[in-house]
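Because only heavy atoms are used, hydrogens play no part in the values below, and waters and symmetry mates are left out as well, while side chains stay in. Throughout, protein chains are lettered first and strands after them, A, B, ... in sequence-line order, and every chain is numbered starting at 1.
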Protein chains: 4
Amino acid sequence: MAPLNDEQLHQIRDERKEQIIEAALKVFSRRGIAGTKMSMIAAEAGISHGLLYHYFKSKDELFITLVQRAMIGAHDAMKSIHGLQGSPLDKIKCLTKDILDESGRPYFMLIYQARTSEGVPEKAKELIAQYSLKSFVDELLPVFQEGQQTGDIAAGDPVELISAYLSVLSSLMILNAQDEENYRIPSGDILMRMVTGP
Amino acid sequence: MAPLNDEQLHQIRDERKEQIIEAALKVFSRRGIAGTKMSMIAAEAGISHGLLYHYFKSKDELFITLVQRAMIGAHDAMKSIHGLQGSPLDKIKCLTKDILDESGRPYFMLIYQARTSEGVPEKAKELIAQYSLKSFVDELLPVFQEGQQTGDIAAGDPVELISAYLSVLSSLMILNAQDEENYRIPSGDILMRMVTGP
Amino acid sequence: MAPLNDEQLHQIRDERKEQIIEAALKVFSRRGIAGTKMSMIAAEAGISHGLLYHYFKSKDELFITLVQRAMIGAHDAMKSIHGLQGSPLDKIKCLTKDILDESGRPYFMLIYQARTSEGVPEKAKELIAQYSLKSFVDELLPVFQEGQQTGDIAAGDPVELISAYLSVLSSLMILNAQDEENYRIPSGDILMRMVTGP
Amino acid sequence: MAPLNDEQLHQIRDERKEQIIEAALKVFSRRGIAGTKMSMIAAEAGISHGLLYHYFKSKDELFITLVQRAMIGAHDAMKSIHGLQGSPLDKIKCLTKDILDESGRPYFMLIYQARTSEGVPEKAKELIAQYSLKSFVDELLPVFQEGQQTGDIAAGDPVELISAYLSVLSSLMILNAQDEENYRIPSGDILMRMVTGP
DNA sequence: GATGAATGAGGTTTCATTCAT
DNA sequence: AATGAATGAAACCTCATTCAT
């Protein structure tokens, strides 16, 4: 019998890889790189640990792959603001809601873990530095500036305002990820107040 | 040489213990419990790793001790608001500044680590649950309510407002701890806007 | 397409087997049994590692097959002396040259590896023991004895002389196999001097 | 009770290190680097495998340490010829005997293993290249040249002669190391005949 | 016959913890 | 009280082998 053809193999590879990435994201984001054992990821993905190494050379490489995805995803999320409808403030509200709602929370956690801990692969740190806050600020800057002209957005240095907005947003993602009992997402209104000003 | 008397021995013991706790806090808060090796703590404290075990039965016990201190310290910080001068808003501003300035940041990090990770000793989780957000909210509640009466503080459910305030505050502590390049503490004004409202 | 007939299939099978054996010899002889991975052999043979197991039950079996070939080949080389032309000394010179020139060097290496290492399959050790030095000595004995009678070959116990001759010959094969920079084949003359004597 | 003083600790360290090196030499030289498991060395040394890593960072490092020793030892052996008594030929005979007798055989095996196999740490290969055959030849050259002047040593290119002598000597060390049944050390006389010529 | 995905035993290495001194 | 040698459980990773296609 003929072996599987290229397309089938490719598909299997992609599926497995996706399956592993999903499992790894779940575990890494909750336990950090040091607290995550490869066996946990294998169990979560429902495969043998040996197979992990068929797809990723090492724990570090797997972690780096996730960080890369996360950074690209975050960047895409910021870019999505340009496709939104309505006034600048509407766009910002909508983006805020999307991010807080979004299933991307584990990715935020992951980045947090990567940024926090000192036992993280150098490559991951580089990736994070490369997609720095600045690149996100740049994406949002036109919308905030427009909002300031219409008076919907609080006056003042827009870069500082966006930095603050993103900081708090990140923080909330992180806090909510863990523990829904002790911390609550501040209602959108309260958060928006930061942006709109008095 | 005359042997040290009991009191002197006790003092040495306490000093050593303090020295270890300080070192452990530094390392645990930056690397999490899984990412921290006992040898790192020993090196940071400038002692042999063997000696750690004269003062703490295990890594877990040491971690728990730190969590306990952190929770008590945080609680004390909240209580300190009652001793502050001025209007309710002044008090909140002052507390905010104190916390963001404070050297207690590693403790915040530690609590975050303990809350986040699933590889944390059960006892530590219990401690954190015990000093829950609720106990902090209770401490601040009278001040916020007074502020709402004078109109300095935004109207609405004060518990929700305080929760939001504390969430963001915690988050900012955490973010700032790691990486002062990419995230900036939102200037006090912007943060306060959350609280004062339009 | 008409299916291949039995003979053709058999031929393909034999060719593949030969291809694998050749590749395995190359790798085993250079890296030893423990240092050789099945994937190396597969890569060298240009086939998938899965296919190896259609032709050889296990790594050990493959190794044993090679050892068997090597032993038979070495024995044949010794026997070839009887077909050579000229005086006994001519024959020995010619055999020496043939062996040192010969492409059979990897087989010598392999035998060396098998003899050396303690992690070798028992069966391989038995094979080597079976075709012991003695059987080679026996093959050469008549030629050396004849040489001693004509005075071309140094006097003394011919068995000891042949043993010495074979020892050095083997050793040189091995040394030369690896590293042509640091060791040189002693010129035939020098080697022959061992045999001819003063 | 006071901890051990520096001298005692140093002594323990040295003893253990020696003990490990001795065990490692025994196993590496017989099985090669790939065929040797750290657990084998630990067992041979009568210690836990964990302790191996207290003294050597890795299997490779341990192997490299041994190669270094071997190369230095071999070089020293060659140098020792200058301290010997008698005519040049006496010196060479004595050196030959010393080397063949010597307990340094495992080191020869080790170098052989290191030179042979392709799975050897780069650093080990460099060490071997550095102490190449040439450096040994240089050491023996004056003695051989003197011998040629007195007529005790065969005429001809002395470098070639020494290379041949060393090649055969090495080969014999290797062969004898493994298998005393099948190969015999050619008696000193036969070997010497190579050097003295007809 | 042929492929490569999949498994798991086993090897290397790390590190919390114990213990003799 | 203090040190660092020593242990061993457990983590990471490799690779011989099996198996579905």
Side-chain angles (χ1 to χ4, degrees), chain A residues 1-6 8-10 12-13 15-17 34-42 46-62, chain B residues 3-4 8-9 12-13 15-16 34 36-42 47-60 62, chain C residues 3-4 9 12-13 16 34 36-42 47-60 62, chain D residues 1-6 8-10 12-13 15-17 34-42 46-62:
Chain A
M1 224 169 302
L4 295 175
N5 63 37
D6 270 11
Q8 285 171 310
L9 282 175
H10 206 265
I12 288 180
R13 271 195 88 79
E15 276 173 21
R16 275 284 167 282
K17 227 169 166 168
T36 297
K37 317 294 165 211
M38 287 301 257
S39 60
M40 293 172 180
I41 297 174
I47 60 173
S48 72
H49 69 271
L51 196 54
L52 283 184
Y53 291 90
H54 201 73
Y55 289 94
F56 296 92
K57 266 203 296 290
S58 68
K59 185 172 163 180
D60 275 11
E61 195 197 275
L62 179 50
Chain B
L4 300 174
Q8 284 172 310
L9 280 175
I12 288 180
R13 210 181 150 76
E15 278 173 17
R16 271 274 179 281
T36 296
K37 300 165 198 167
M38 288 299 259
S39 61
M40 290 172 179
I41 297 173
I47 60 173
S48 72
H49 65 270
L51 192 53
L52 288 181
Y53 290 86
H54 272 262
Y55 291 94
F56 298 93
K57 259 206 301 290
S58 70
K59 186 172 163 179
D60 276 10
L62 179 49
Chain C
L4 300 173
L9 281 175
I12 288 179
R13 209 181 152 77
R16 272 272 179 280
T36 297
K37 301 165 199 169
M38 288 300 258
S39 61
M40 291 171 178
I41 297 173
I47 61 172
S48 73
H49 63 270
L51 193 54
L52 287 182
Y53 289 86
H54 271 262
Y55 292 93
F56 297 92
K57 258 207 303 290
S58 69
K59 185 172 162 178
D60 276 10
L62 178 49
Chain D
M1 224 169 305
L4 295 173
N5 64 36
D6 271 12
Q8 286 171 308
L9 282 175
H10 206 265
I12 288 179
R13 272 195 85 81
E15 276 174 18
R16 276 283 168 282
K17 228 169 164 166
T36 296
K37 317 296 165 209
M38 287 301 257
S39 59
M40 293 170 179
I41 297 173
I47 60 173
S48 71
H49 67 271
L51 195 55
L52 283 184
Y53 289 89
H54 202 75
Y55 290 94
F56 296 92
K57 266 203 295 291
S58 67
K59 186 173 163 178
D60 275 11
E61 195 197 276
L62 179 49

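- Between dG4(F) and Arg13(D), no contact under 4.0 Å exists linking OP1 or OP2 to a side-chain N or O.
- Rounding to whole angstrom units, CG of residue Leu52(D) and P of dA5(F) are separated by 14 Å.
- The side-chain hydrogen bond (donor to acceptor under 3.5 Å, both in side chains) analysis of residues 46-60 of chain D, with sequence neighbours excluded, yields the pairs Lys57(D)-Glu61(D).
- Within the 4.0 angstrom heavy-atom criterion, only backbone atoms of the sugar-phosphate kind lie near Tyr55(B); the bases stay farther away.
- Atom pair Met40(A):CE and dA11(F):P shows a separation of 7 Å (rounding to whole Å applied).
- Phosphate proximity of dA5(F) to His54(D): present, with a side-chain N or O under 4.0 Å from OP1 or OP2.
- If you measure from atom CZ of Phe56(D) to atom P of dT14(E), you get 15 Å, rounded to the nearest angstrom.
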Spell out protein contact along nucleotides 13-18 of chain F as letters: B when the base is contacted, S when just the sugar-phosphate is, - when no protein heavy atom is under 4.0 Å; keep the 5' to 3' order. BBSSBB
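- Rounded to whole Å, the distance from CD1 on Ile47(A) to C1' on dG8(E) is 13 Å.
- Atom-to-atom, CG of Leu9(A) to P of dA5(E) comes out at 6 Å; the value is rounded to the nearest Å.
- Contact check, Arg16(A) against dA5(E): no side-chain N or O comes under 4.0 Å of OP1 or OP2.
- With rounding to the nearest 0.5 angstrom, the CD1 atom of Ile41(C) is 6.5 Å from the CG atom of Leu52(C).
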Both distances under 3.5 Å, Watson-Crick or G-U wobble: on that basis, could you give the dot-bracket string for DNA chain E, with [ ] for crossing pairs and | for other-strand partners? .||||||||||||||||||||
